[in-house]
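Notes for the one structure printed next.
All of these numbers come straight from a predicted model, not from anything done at the bench.
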Amino acid sequence: MKLLAGAPGWTVKADVIVIGSGVAGLTAALNLRAHNLSVLLVTKAKIDEGSTKWAQGGIAAALGPGDSPEDHKRDTLIAGAGLCDVPAVDVLVTEGPEAVRKLIAHGAEFDKSETGEIALTREGGHLRNRILHAGGDATGAEVSRALLAAVKQDNGIEIIENALAIDVLKGKSGAVCGVTLHVIGAGTIDGIGRALARSVVIATGGLGQVYSQTTNPSVSTGDGVALALRAGAEIEDVEFIQFHPTVLWRDESNKGQQPLISEAVRGEGAILLNDKGERFMVGVHPQSDLAPRDIVAKEIFKQMKEHNTPHVWLDATKVKDFKDRFPTIYQSCMENGIDPTRQLIPVSPASHYASGGVKVDLNGLTSVKNLYACGETACTGAHGANRLASNSLLEGLVFGTRIAETIAKNISPQEEPVEDRSPTFLADSSIKMPLQLAMSQGAGVMRSEKSLNETLALLEKLGTHQSNSPRIENWETSNLYQLATAIVKAALIRKETRGSHWRSDFPESHTNWQKHIIQSLNDQGIWSEREEVVKDGA
């Protein structure tokens, strides 16, 4: 299956194509260059407009005194609620410290303590202070700045901005040998073209725009996951959508990207209150306000339902030096008429991070030859049912590096693409808003068989609204449609509550569901599902 698109009018070539300019894509690109491979770096908007720069909290790594990869592993496994693949977690936590050191070598500057050491803080689910941060709450922006500076200095990396990757190209062997792109306003390269390469790395970030309210930027329409799905790659655990518990609530008319209030604010002493001014996380979890995100989001949802309110409150008035520690959040609050040093902040959950994605092995390889994925696009198995706070930037660094090493050792000769004769699909962009609202209402924080079946029925109805006009809005909507369908189908299959998947009709977790749900699409657009037992590392 492929998206409806025009015939390519131009061709570019490189050894490797990297789609996405966040931490995962930039890390992969730089490490590929270390092996003298030419790289075409494709990014959907401007090169610095992805999700990485919005990451407030920081990077988790066992760098502090008394901390260890084993401690970091323990916290990751607990947050992952029995669904983490242990070998993937081992890779993440053991290779993480060195990956962070390499990032610092690239010029990333992290906040220092009064003694001149890197300042480490704590976030939800961590039992030790192991979060590096920069600019108080602007860690992602600093990581992006440092990596971009290195990329821009390398003549072996060609950058194409404002480019949407539409579908992969395959050779006679069935291996991926490039992608089709739509580029707008990038000099002489305009419209549909084809980019040929010996390997393709998808690092396009998340799919938060599947929901009506999200912390993700507008470009996060799940293009990479959908592209891989149409290429025949397996996807895994897409039902596990993490809802960040504390997103600034403005009013119900605000859709799309919402301002995030990092849980690092709670790490510095802020507390959650219900509409009666009562603390509600005490007694719910041993870490109370710093419990893992899924637990906090569920409890907030319960409080909102019980008190019939659209939000709860975050009291950060006693956080020391709030304006200096969290300048981005302070500015965001002030722009919305709230002084967080004196007033309570209204917060509610919004979609934030996809713990699932394109199924990959420990080297980032998908089930399709020459196609790799990393970052939020991928499912390494390290996050399980609920990503531990600040493990996402770390995952991009670690697995972006591993992908580059693997490609360098196993790169294939360039194949010529063969014509893809599979059916085409193109949803009309008019279904985007009803799709997002339906997903938030029926497949959001709380789900049930009834709500999911109603959502799936509506999706099937929306899917009949097809377009004959190949353009970005319709391609993006098509990607959202296919991913929304995958999320709902997987959520219906998993008849339990685990991590960030909450079924009100199946409120308990069960050991017989300690397995991954894996989905795929064949070239005719027919879905299939299978299950796979979690890898325990034994």
Side-chain angles (χ1 to χ4, degrees), residues 2 8 11-44 91 147 151 154-160 163-181 193-205 223-235 357-380 395-418 420:
K2 62 179 186 278
T11 300
V12 293
K13 288 186 178 181
D15 289 325
V16 183
I17 296 167
V18 176
I19 310 169
S21 59
V23 60
L26 296 176
T27 300
L30 288 170
N31 281 278
L32 285 162
R33 289 296 299 135
H35 293 283
N36 206 31
L37 294 169
S38 63
V39 175
L40 179 68
L41 184 64
V42 177
T43 184
K44 188 174 173 182
V91 166
L147 292 174
V151 163
D154 195 320
N155 293 330
I157 301 176
E158 180 183 354
I159 300 168
I160 300 182
L164 175 66
I166 300 171
D167 277 310
V168 303
L169 298 166
K170 290 183 179 180
K172 284 184 179 179
S173 69
V176 169
C177 62
V179 293
T180 51
L181 301 173
R194 60 179 197 168
L196 304 182
R198 298 152 74 186
S199 290
V200 173
V201 181
I202 309 172
T204 53
D223 308 316
V225 182
L227 176 145
L229 185 63
R230 290 191 298 274
E234 292 184 324
I235 60 173
V358 184
K359 178 177 170 57
V360 296
D361 65 13
L362 294 179
N363 296 312
L365 181 62
T366 73
S367 55
V368 177
K369 188 179 179 184
N370 294 347
L371 185 64
Y372 296 78
C374 60
E376 191 174 353
T377 302
C379 182
T380 62
E395 185 187 40
L397 292 171
V398 168
F399 286 90
T401 302
R402 289 178 75 90
I403 284 173
E405 299 292 327
T406 304
I407 290 175
K409 290 175 184 174
N410 302 288
I411 194 156
S412 308
Q414 178 69 56
E415 279 193 76
E416 282 299 310
V418 296
D420 181 356

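Remark: side-chain polar atoms of S367 are paired, donor with acceptor, to backbone N or O of E234 under 3.5 angstrom. Not one N or O on the side chain of N363 forms a donor-acceptor pair closer than 3.5 Å with the backbone of L365. With hydrogens and angles disregarded, a donor-acceptor distance shorter than 3.5 Å links the side chain of K170 to the backbone of A231. K2 places a side-chain N or O within 3.5 Å of a backbone atom of D420 that can act as its donor or acceptor partner. With hydrogens and angles disregarded, a donor-acceptor distance shorter than 3.5 Å links the side chain of S38 to the backbone of D15. With hydrogens and angles disregarded, a donor-acceptor distance shorter than 3.5 Å links the side chain of T377 to the backbone of G205. Looking at R402, its side chain does come within 3.5 Å of a backbone N or O of L362 through a donor-acceptor pair.
Here CG of L26 is found 11.0 Å from CG of N31. Values are rounded to the nearest 0.5 Å. Expressed to the nearest 0.5 Å, how far CG of L40 lies from CD1 of I160 amounts to 4.5 Å. Of the inter-residue distances, the one linking L37 atom CG with I157 atom CD1 reads 11.0 Å to the nearest 0.5 angstrom. Atom CG of L41 and atom OG of S21 lie 6.0 Å apart (nearest 0.5 Å). Here the OG atom belonging to S173 is positioned 5.5 Å from the NZ atom belonging to K369, to the nearest 0.5 angstrom. Between the CG atom in D223 and the CD1 atom in I166 there is a gap of 10.0 Å [rounded to 0.5 Å].
In plain terms, the two heavy atoms of L371 and A233 that are nearest each other are CD2-CB, 4.4 Å. Across all non-hydrogen atoms, the minimal contact from I202 to A228 is CD1-CB, 3.9 Å. Shown here for A203 and A24, the closest heavy-atom pair between the two residues is CB-CB, 4.1 Å. The nearest pair of heavy atoms linking C379 to G357 is CB-N, 3.4 Å. Across every non-hydrogen atom of N370 and S412, the tightest pair is OD1-OG, 3.4 Å. The minimum heavy-atom distance linking G224 with V358 is given by the pair O-CG2, 4.5 Å.
With respect to T27, the side-chain contact (heavy atoms from CB on, under 4.5 Å) criterion is satisfied by exactly one of V151, L32, L397: L397.
With sequence neighbours left out, the side-chain contact (heavy atoms from CB on, under 4.5 Å) criterion links P417 to L169, C177, R194, L196. Among residues two or more places apart in sequence or in another chain, the side-chain contact (heavy atoms from CB on, under 4.5 Å) test is passed with A197 by I17.
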### Task
Quick one: do V179 and I19 satisfy side chain to side chain contact (heavy atoms under 4.5 Å, CB included)? Show the steps, please.
CA-CA 10 Å; V179 293; I19 310 169; 4.0 Å; yes

### Query
Checking side chain to side chain contact (heavy atoms under 4.5 Å, CB included) for the pair V360/C374: CA distance, chi angles, key distance, verdict?
CA-CA 8 Å; V360 296; C374 60; over 6 Å; no

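Residues Y372 and T406 form a side-chain contact, since some pair of their non-hydrogen atoms from C-beta on lies under 4.5 Å apart. Between K409 and H35, the closest side-chain pair of non-hydrogen atoms is not below 4.5 Å.
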